Amino acid sequence: MRVTRRRGYVPQDIESKWQRIWRDRGVMRADDSSARAKFYNLVMFPYPSGDLHMGHMRNYVIGDLYSRFQRMRNYEVLNPFGWDAFGLPAENAAMKAGLHPETWTRDNVARAKEQLAMMGILYDWSREVTTCDPDYYRWTQWLFLLFYERGLAYRAMAPVNWCPVDQTVLANEQVVNGACWRHPDVPVEKRDLEQWFLRITEYADRLLDDIGLLDHWPERVRVMQANWIGRSHGVEVDFSVVGLDETMRIYTTRPDTLFGVTFMVLAPEHPLLEQVTTPENRSAVRAYVERARRETEIARLSTEGAKTGVPTGGWAINPLTGERLPIWVADYVLMTYGTGAIMAVPGHDQRDFEFARRFGLPVREVIAPPRGRRDGLSEAYTAAGVMVNSGRFDGLEGQAGFDAVADFVEERGYGRRAIRYRLRDWLISRQRYWGCPIPIVHCESCGVVPVPLDELPVLLPKTYRRLSELPEFYETTCSRCGGKARRETDTMDTFIDSSWYFLRYTSAQDQDAPFDPGLANHWMAVDQYTGGIEHAILHLLYSRFFQKVLHDAGLVDAVEPFARLFTQGMVTRGGQVMSKSLGNGVAPDDLVVREGADAGRIYEMFIGPPNEDAEWTDEAVAGPVRFLQKVWRLILDPDTIAATGTGAGAVDLRRKLHQTIRKVTEDYESFRFNTAVAALMELANAMQDYLAGGGERGAEWSEAVGTMIRLLNPMAPHIAEELWERTGGQGLCADAAWPDYDAITAADNEVTLVVQVAGKVRDRLRVPAGLDEPAATELALASEAARRALGNGGRPSRVVYVRDKLINIVP
RNA sequence: GUCGGCGUGGCGGAAUAGGCAGACGCGCCAGACUUAGGAUCUGGUGCCCUCGGGCAUGGGAGUUCGAGUCUCCCCGCCGACACCA
C-alpha cells in the first residue's frame with residue numbers, strides 16, 4: 001500500500017479542495033438516461049430567511065449522507081435543491097430594510113448556498129428551483145388554470161379568516177388555536193370576502209384512503225392527516241318546523257339516539273334562524289347573534305366556558321316520535337360543520353348534556369349501559385349500549401341500532417345516510433405583493449376570464465407595493481372581448497408553490513410544460529423525503545392533493561408523491577430550539593473554522609436518534625474531532641501507534657470489520673445514524689488494538705483501511721476523499737462501491753454464555769458458538785456458581801437454555 | 001378532554017420476536033510521555049457493601065425460569081387535535 005506521510009489531520013487544509021473537486025466534476029449531477037436504478041432523494045426545500053444554523057443543517061446533512069450512501073450502492077440518485085422563495089418574511093424584512101423583497105430573497109439564497117457548500121453538502125444544482133422566478137411561477141399559474149379548467153378552483157364569498165397583522169386572509173390550516181399561525185397572540189378575525197378556493201374536499205376520500213398506501217410514513221403523521229380530514233359516517237334527518245313550510249335538516253352520527261332528542265339547536269349564522277324566531281324572542285335572539293359574531297374565534301371555540309344560548313320560541317317535530325321540540329340558538333353549534341343545526345340528545349352527548357343542565361331542559365335515557373354502570377345523571381353516557389325507550393328499536397345495540405334506524409329513516413323519506421368531513425376547501429387568495437399572481441382578469445362584460453396560456457406568466461410588477469394600488473398592473477383588457485378589465489390582484493398562498501416543486505425538479509429547465517411527463521414518471525415517486533414534522537399536515541397534505549389532481553389530468557402516473565417519509569427532530573441549545581431570534585444558533589461558518597465540516601456532520605448524526613429532538617453541547621463535538629484524528633493517524637501514521645502488548649489478531653480484525661459493514665449498512669438504511677457512528681468508532685478502536693498488539697499491515701489491514709474509508713464517506717466525505725487518495729484509491733471515494741459484508745467472516749465462533757441461577761447472573765463462560773443443550777447444561781452445572789447454589793450432587797428443577805446467549809438454572 | 005410519543009449514570013444516549021442494563025461518546029479521576037499542550041496514550045468511572053453479594057431503567061402491582069422491553073394503575077414531560085354533532 002502506498003501511503004503519503006504528512007503532518008496530522010487539519011480539516012481546513014483539505015475541505016475546500018474536495019468541495020471544489022466535487023463541484024467541478026458534477027458529482028451529484030443526476031443522469032436522466034442512466035441504466036442504473038433510480039433513487040429520488042429529497043429534502044424539504046427551505047424558505048431563505050437568512051443565515052442557516054446547525055439546527056437547519058441537520059436536515060441537509062441527513063439528506064446528503066443518504067444521497068452519498070445510495071450513490072455508492074449503485075443507484076442513480078436525484079438529489080435536487082431549491083428555494084421556497086415567495087412569502088411574507090421577505091416583505092416584512094424588505095419594509096424594514098428598505099429593500100425590494102426580491103433583493104432580500106436573492107441575497108439570502110446566495111448566502112445559504114455558500115453555507116451548504118462549506119458543510120460539504122452536494123446537490124444537482126443544474127435543477128435548482130426558485131419559486132419566485134418567473135420561469136417557475138409561470139407554471140404555478142399554468143397549474144392554477146388547470147385546476148380552474150377542471151372545476152377545482154372557484155371563487156366564492158365566504159366568511160374567511162383574516163389576520164389583522166399580515167393584512168391577509170388565511171387558510172383553515174393556517175389558523176392555530178384561533179390565531180394566525182405566524183402570530184400566536186393575534187386572534188384571527190372573520191370577514192366576508194370573495195376569495196379563491198381549491199376544492200380539496202373533492203379529494204377528501206382519496207386523501208384519506210390512500211394513507212393506507214403510505215406504509216413507509218411515520219405513524220404519527222398518518223394519524224394526524226387522517227384526523228385532519230376527519231371523515232365521519234352519519235345520517236341527515238329533516239325535522240319539520242311547526243308553522244313553517246321549511247324543514248330543519250340536521251346531521252348526526254348517532255341515529256340510534258333519535259328517541260332521546262329533547263331540543264334542537266341552530267348555529268347563530270343559520271339562515272333559518274330569522275324565520276323560526278317568534279316575535280317575542282326576536283330581540284333576545286338578535287342580541288345573542290350579534291354577540292356571537294363579535295366574539296373572537298378563540299373565545300368562541302373555547303371549551304372551557306359555560307355554554308350559552310337563547311330559545312327562539314320556534315318548535316320542530318321529531319319525525320320518529322311526533323314530539324314537539326323547542327328550537328334554541330347556541331354558538332356551540334358551528335355553521336361550518338354538518339348542516340349548522342343539530343338534534344340535541346343530552347342523555348348521550350356531553351355538550352348537549354351541559355347545555356340541558358344549564359337551561360333546565362329534559363334529559364332522557366335511550367341507550368342503557370351494559371351492566372347498569374350508569375352513575376346517576378352527572379354526565380352523558382356516550383359509549384355503546386342497548387337501545388331503550390326507543391319503541392320498535394328497543395334491544396338493538398351498537399352498529400345494528402345505527403343501521404336499523406338509518407334504514408327506517410331512509411324508507412320513510414325522513415332523511416338519508418351521509419358522510420361528512422372536517423376538511424374544508426383550501427382558501428388560496430392572499431392580499432400580498434410577494435407571491436404568485438393569480439392568472440385571472442375580471443372583465444366588465446365577460447366576468448371572470450382566465451389569462452390565456454400563451455400570455456403566461458402574469459409578471460409581478462417591479463415596483464414593490466400592493467398590487468391593488470398599481471394601476472399599470474391591474475388595468476388591462478379582456479382577452480375574450482377586448483373590453484376594459486381588471487386583473488385579479490390577489491396572489492396565491494405560498495403553499496401552492498411548494499405543492500409541486502418536487503415534480504419540477506425532474507425537468508427543471510423545461511420551457512414547454514411545468515414538467516416533462518416522461519421524466520416525471522421516470523423519477524417519481526420521491527423514494528426518500530426528509531424534513532421537519534411541522535409540515536405533517538399543511539405541506540404534505542397539499543402536495544398529495546396536487547399529485548392526485550395531476551394524476552387525474554394524465555400528467556403523472558404515481559398517485560402518491562412521497563413513498564418514504566422521514567421527519568427529523570429539532571436541535572436545541574440551552575434547552576430551546578436553535579433560532580435566530582434567540583441567538584442560540586451555532587453557525588456552520590464558526591464550526592467549520594474550529595472543528596471542520598466533517599466533525600460537525602458526524603456530531604450532528606451522533607447527537608441522538610435523528611427523529612427526536614436533540615440538545616447541542618459545544619464540548620461534545622470533541623468526540624467526533626478525536627475520532628477523525630484517530631482514523632487519520634491509524635491510516636496515515638500507523639508507525640506512531642505504540643505496540644503496548646497483545647491485541648486482537650487478524651481474524652478478530654476481519655470479524656469486527658465485517659460485523660461493522662453489516663451494522664453500518666443496516667443503520668444507514670434505517671436512519672439510525674447515531675449508532676452507525678458508534679459502530680465506526682468501535683471499528684477504529686479495534687484497528688488500534690490490532691496495531692497495538694503488533695498486527696502486521698498486510699492484506700487484512702489494507703482491507704480494513706479501504707473499508708473504513710468507504711463506510712465513513714457518506715458521513716465525513718472530505719476526510720474520506722483525502723484518505724482514499726493518499727492510500728491509492730481509484731477515482732473519487734464518492735464514486736467507490738459500497739463494501740459488502742461476508743456473513744461467515746462476520747460470524748462469532750466463540751460466544752459468552754451467561755450462567756444464571758434462578759434468574760440472577762452468576763457466571764459467564766466462553767463457549768464455542770452453536771453449543772447444543774446437553775453440552776451447555778453439563779458445562780453450566782459444573783460451574784462454581786451452580787455447584788454453590790445446588791450443593792454437592794444436587795439436581796436443578798429446571799434448566800432454560802437460550803443458544804449462544806444464556807443458561808438459567810432453577811434450583 | 002381525546003389521540004400519539006417519551007421518562008435509563010453527572011451529561012448525550014445504547015440495548016425491545018422478553019435473555020449480560022449502561023455500547024459509543026462527553027465530562028470526571030489516576031497514571032505515562034513531554035521542547036508543559038485545550039495534544040496523544042493507558043487504566044478507572046451507576047449506587048451500597050462485611051468482597052460473598054445486595055440494590056438499580058419515573059412510582060406501584062402483575063405475568064414469566066427471566067421484564068428497561070409485555071399487562072394494569074398512578075406521576076411527570078412533550079406534541080397534535082380540540083364544542084366536528
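Since we're looking at a predicted model, the values are computed, not measured. Naming: A, B, ... by sequence-line order, numbering from 1 per chain. Atoms considered below: every heavy atom in the structure, side chains included; atoms not considered: hydrogens, waters and symmetry mates.
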Practice item. Identify the residue among A:T257, A:D256, A:T252 that makes a side chain to side chain donor-acceptor pair (under 3.5 Å) with A:R254. Key: A:D256
Check your understanding: Are OP1 or OP2 of B:U40 and a side-chain N or O of A:Q629 less than 4.0 angstrom apart?
Key -> yes
Practice item. Write down the distance separating the C1' atoms in B:C24 and B:C73, rounded off to the nearest Å. Key: 36 Å
Study note, to complete from the structure: Among B:C20, B:G53, B:A85, the one nearest any side-chain atom of A:R762 is B:G53
Exercise for review: State the CG-CZ distance between A:L591 and A:R601, to the nearest 0.5 angstrom.
Suggested key: 12.0 Å
Exercise for review: Would you kindly give the CH2-to-C1' distance between A:W217 and B:G4, to the nearest whole Å?
Suggested key: 17 Å
Check your understanding: Mind checking the P distance from B:G66 to B:G19? Whole angstroms is fine.
Key -> 15 Å
Point to revise | Euclidean distance, A:K805 NZ relative to A:I807 CD1, rounded to 0.5 Å | key: 15.0 Å
Revision key, fill the gap. From CD1 of A:I607 across to P of B:C26 the rounded distance in Å is 14 Å
Revision key, fill the gap. Walking RNA chain B from its 5' end, the first of A:N808 and A:R764 to be reached, judged by nearest nucleotide, is A:R764
Check your understanding: Considering only B:C81, B:C83, B:C20, which nucleotide approaches the side chain of A:D331 most closely?
Key -> B:C83
Review point. Stem ranges for RNA chain B, with three or more consecutive Watson-Crick or G-U pairs under 3.5 Å?
Key: B:1-7 with B:75-81, B:10-12 with B:24-26, B:27-32 with B:40-45, B:46-48 with B:53-55, B:58-62 with B:70-74
**Study point:** Inter-residue atom distance A:L540.CG - A:T567.OG1, 0.5 Å rounding
**Key:** 9.0 Å
Exercise for review: Just call it for A:T252: base, sugar-phosphate, or nothing, with non-hydrogen atoms closer than 4.0 Å on any strand.
Suggested key: sugar-phosphate
Practice item. Using the P atom on both, measure B:G46 against B:U35 and round to a whole Å. Key: 35 Å
**Study point:** Between A:F353 and A:F355, ring centroids under 6.0 Å
**Key:** no
**Study point:** Presence of donor-acceptor pair under 3.5 Å, side chain of A:K805 and base of B:C20
**Key:** no
Practice item. Taking atom C1' in both B:G9 and B:G44, compute the distance separating them and give it to the nearest angstrom. Key: 15 Å
**Study point:** Rounded distance in Å between the P positions of B:G4 and B:U71
**Key:** 13 Å
Practice item. Would you give the length of the straight line joining atom CG of A:L423 to atom CG of A:D425, rounded to the nearest 0.5 angstrom? Key: 7.5 Å
Review point. To the nearest Å, how far apart are A:M224 CE and B:G4 P?
Key: 13 Å
Point to revise | Whole-angstrom distance between B:G25 and B:G1, as gauged at atom C1' | key: 43 Å
Practice item. Could you tell me how the ring of A:F359 sits relative to the ring of A:W328: parallel (under 30°), tilted (30 to 60°) or perpendicular (over 60°)? Key: tilted
**Study point:** Residues A:F495, A:L541; criterion side-chain contact (heavy atoms from CB on, under 4.5 Å); working and verdict
**Key:** CA-CA 10 Å; A:F495 278 92; A:L541 187 67; over 6 Å; no
Point to revise | Point-to-point distance, once rounded to the nearest 0.5 Å, from CG of A:D205 to CZ of A:R231 | key: 4.5 Å
Review point. Rounded to the nearest Å, what distance is computed from the CG atom of residue A:L634 to the P atom of nucleotide B:U40?
Key: 13 Å
For nucleotides 23-25 of chain B, which of its nitrogen or oxygen atoms have a protein nitrogen or oxygen under 3.5 Å away, and what is each distance?
| from | atom 1 | to | atom 2 | distance (Å) |
| --- | --- | --- | --- | --- |
| B:A23 | O2' | A:E682 | OE2 | 3.1 |
| B:G25 | OP1 | A:N685 | ND2 | 3.2 |

Check your understanding: Across the strands shown, which category fits A:R222 at heavy-atom distances under 4.0 angstrom: base, sugar-phosphate, nothing?
Key -> nothing
Check your understanding: OH of A:Y603 versus P of B:G13: gap in Å, rounded?
Key -> 9 Å
Review point. With sugar-phosphate meaning primed atoms plus P, OP1 and OP2, does A:V761 contact a base, only sugar-phosphate, or nothing at under 4.0 Å between heavy atoms?
Key: sugar-phosphate
Exercise for review: For nucleotides B:G54 and B:C3, find the distance between their P atoms and express it as a whole number of Å.
Suggested key: 42 Å
Practice item. Please state whether the rings of A:Y603 and A:W616 are parallel, tilted or perpendicular, taking 30° and 60° as the class boundaries. Key: perpendicular
Practice item. Run the salt-bridge test on A:E236 and A:R420 with the 4.0 Å N-O cut-off and return the result as yes or no. Key: yes
Check your understanding: Between A:N611 (CG) and B:G5 (P), how many Å, whole number?
Key -> 13 Å
Check your understanding: Which is true for A:R420 with a 4.0 Å heavy-atom rule: it touches a base, it touches only sugar-phosphate, or it touches nothing?
Key -> nothing
Exercise for review: Might you work through the side chain to side chain donor-acceptor pair (under 3.5 Å) test for A:T572 and A:D613, ending with a clear yes or no?
Suggested key: CA-CA 7 Å; A:T572 60; A:D613 290 352; over 6 Å; no
Point to revise | Anti or syn - B:G9, cut at 90° from 0 | key: syn
Check your understanding: With nearest nucleotides of RNA chain B determined for A:K663 and A:Y337 from heavy-atom distances, which residue corresponds to the more 5′ nucleotide?
Key -> A:K663
Check your understanding: For B:C6, does either OP1 or OP2 sit under 4.0 Å from a side-chain N or O belonging to A:R220?
Key -> no
Exercise for review: Kindly point out which of B:C65, B:G19, B:C20 is positioned nearest to the side chain of A:T752?
Suggested key: B:C20
Check your understanding: Rounded to whole angstroms, how far apart are CG on A:L806 and P on B:A17?
Key -> 15 Å
Review point. Would you say a side-chain N or O of A:Q688 is under 4.0 Å from OP1 or OP2 of B:U42?
Key: yes
Check your understanding: How many Å lie between NZ on A:K760 and P on B:G19, as a whole number?
Key -> 17 Å
Exercise for review: Rounded to whole angstrom, note down the C1' distance from B:G13 over to B:A21.
Suggested key: 13 Å
Check your understanding: Does OP1 or OP2 of B:A85 have a side-chain N or O of A:Y251 closer than 4.0 Å?
Key -> no
